[in-house]
> 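Below you will find the structure I want to go over with you.
The structure displayed is predicted, hence computed values, not measured ones. The sequence lines fix the lettering, A, B, ..., with proteins before strands; numbering per chain opens at 1.
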Amino acid sequence: MPELPEVETIRRALQHGGRGGAAIIGWQVQRVDLLWDRLLATGNKKGFLDEINGQKVIAVNRRAKFLDLEFDRHHLIFHLRMSGDIRVEENQHPFQKHDRMLLFFENGFHLAFNDTRKFGRIWFVKDPQEIWANLGPEPFDETLTASLFFDLLQRKKRKIKPLLMDQSFLAGLGNIYTDEALFQAKIHPLRNSGSISQLEAENLLVAIRDQLSEGIKNNGSSIDWVYRGGNFQNTFQVYGKNGKECSICGTVIEKMQVGQRGTHFCPSCQVLFRLNPGIKEG
DNA sequence: AGGGAAACCCGAACGC
DNA sequence: TGCGTTCGGGTTTCCC
């Protein structure tokens with residue numbers, strides 16, 4: 001589902017073209033159809049529909065899983081949540097089931113926001129900072145060094161998987177990339193963040209960046225029926241692989257619930273307790 | 001502070 | 001075949 005790599009893939013398509021659509025930079029808004037009112041998370045509908053008219057797209061940015069359409073005077077921020085997707089098409093193209101908003105441009109094209117499950121939201125604001133004020137660092141932020149990451153983990157006493165998915169701790173990971181990163185780093189999802197060693201923290205940060213990079217390189221993951229075009233799902237090592245053999249050791253991959261989320265791991269590669277005396281448990 | 005549960009949604013997958 | 005039930009994904013909110 002849309003996690004950082006999927007949102008980044010969509011961002012690049014809107015900025016530079018791709019995924020079957022053209023770049024939208026410089027395009028001017030002519031009209032907006034809001035087909036499902038609750039899509040707009042804040043502000044009033046009329047103000048939004050009136051004020052966006054005539055504005056041009058300056059840039060398409062991303063922060064964590066938020067997509068930021070930057071216009072002359074406002075930002076239109078999207079969160080795709082579970083099933084959101086964006087298409088750019090000529091107006092003659094038929095609208096689709098579950099389209100929740102249509103942004104018409106003066107050049108005869110429109111941007112369609114499609115969201116089967118209606119979890120996605122948009123914000124129309126002057127300053128995007130107010131939307132993402134509580135987000136943690138970007139995973140690729142250069143100031144997020146291995147030693148800083150270790151310190152941040154030490155300060156918390158939480159299960160590592162829910163902590164990595166907490167957007168105020170680290171912004172961008174979702175269920176899939178978290179499971180894959182923990183597998184690469186050989187860390188059990190239930191490990192207490194305070195028990196992670198310096199070396200493990202280093203490996204984990206590398207794994208997070210590796211997995212996200214691979215996801216972006218593959219244009220994201222197409223799983224279920226919701227996301228178009230990505231191939232990263234073909235490289236999954238643990239996500240959805242429960243019952244299959246681990247590619248490293250042959251042990252059967254298991255699935256369990258952690259913080260209400262399906263969690264996939266190799267019980268041999270990712271051990272919760274080490275038997276070696278002298279190594280702290282947990 | 002941390003963690004669990006529920007809510008928001010829909011369609012696919014499953015069970016009978 | 002057809003019906004009812006379960007599941008899952010990201011986030012927020014509420015409660016212990």
> Students often mix this up, so state it plainly: with edges at 30° and 60°, are the rings of A/Phe169 and A/Phe149 parallel, tilted or perpendicular?
tilted
> I want to verify a distance call: between C/dG8, C/dT11, B/dA5, whose nearest atom is closest to the A/Gln257 side chain?
C/dG8
> I'd like to know whether the aromatic ring centres of A/Phe105 and A/His110 sit less than 6.0 Å apart in this structure.
no
> At 4.0 Å (heavy atoms only), tell me whether A/Gln167 reaches a base, stays on the sugar-phosphate, or touches nothing.
sugar-phosphate
> So if I apply the salt bridge (charged side-chain N to carboxylate O under 4.0 Å, His left out) rule between A/Glu8 and each of A/Arg63, A/Lys217, A/Arg62, which one comes out positive?
A/Arg62
> Select one nucleotide: of C/dG8, B/dC9, C/dT11, the one nearest the side-chain heavy atoms of A/Trp36.
B/dC9
> Nearest-Å distance, CG (A/Asn114) to P (B/dC10)?
13 Å
> Looking at A/His98, does any N or O in its side chain come under 4.0 Å of the phosphate oxygens OP1/OP2 on B/dC9?
no
> Report yes if at least one side-chain N or O of A/Lys97 is closer than 4.0 Å to OP1 or OP2 of B/dG11; otherwise report no.
yes
> Given the ring of A/Phe104, does A/Arg31 sit roughly above its face, with NZ or CZ under 6.0 Å from the centre of the six-membered ring and within 45° of the axis?
yes
> What nitrogen or oxygen pairs link the protein and nucleotides 1-3 of chain B at under 3.5 Å?
from, atom 1, to, atom 2, distance (Å)
B/dG2, OP1, A/Lys157, N, 2.9

> Find the distance A/Leu67:CG to C/dT11:P and express it as a whole number of Å.
14 Å
> Are side-chain N/O atoms of A/Tyr177 and A/Glu6 paired as donor and acceptor at under 3.5 Å?
yes
> What is the distance, to the nearest angstrom, from the CZ atom on A/Arg117 to the P atom on C/dC7?
14 Å
> Could you check whether A/Phe119 and the base of C/dT11 form a stacked pair, meaning centres closer than 5.5 Å and planes differing by less than 30°?
no
> May I have the distance from A/Ile131 (atom CD1) to C/dT12 (atom C1'), rounded to whole angstrom?
14 Å
> Write down the distance between CD1 (A/Ile122) and P (C/dT11), rounded to a whole number of angstrom.
17 Å
> Strictly below 4.0 Å: does A/Lys118 bring a side-chain N or O up to OP1 or OP2 of B/dC10?
yes
> Tell me, with the steps shown, if A/Arg38 and A/Trp36 meet side-chain contact (heavy atoms from CB on, under 4.5 Å).
CA-CA 6 Å; A/Arg38 278 196 287 157; A/Trp36 186 67; 3.6 Å; yes
> Please tabulate, for the side chains in residues 124-136 of chain A, all donor-acceptor contacts under 3.5 angstrom to protein atoms that are two or more places apart in sequence or on a different chain.
from, atom 1, to, atom 2, distance (Å)
A/Asp127, OD1, A/Gln129, N, 3.0
A/Gln129, OE1, A/Trp132, NE1, 3.1

> Between atom NZ in A/Lys161 and atom P in B/dG4, what is the gap in whole Å?
13 Å
> For A/Asp166 and C/dT13, give me the distance from atom CG to atom P, rounded to whole Å.
14 Å
> Base, sugar-phosphate, or nothing for A/Arg121, non-hydrogen atoms under 4.0 angstrom?
nothing
> For A/Arg38 and B/dC9, is the shortest distance between a side-chain N/O and OP1 or OP2 below 4.0 Å?
yes
> Write down the distance between CE (A/Met165) and C1' (C/dT12), rounded to a whole number of angstrom.
14 Å
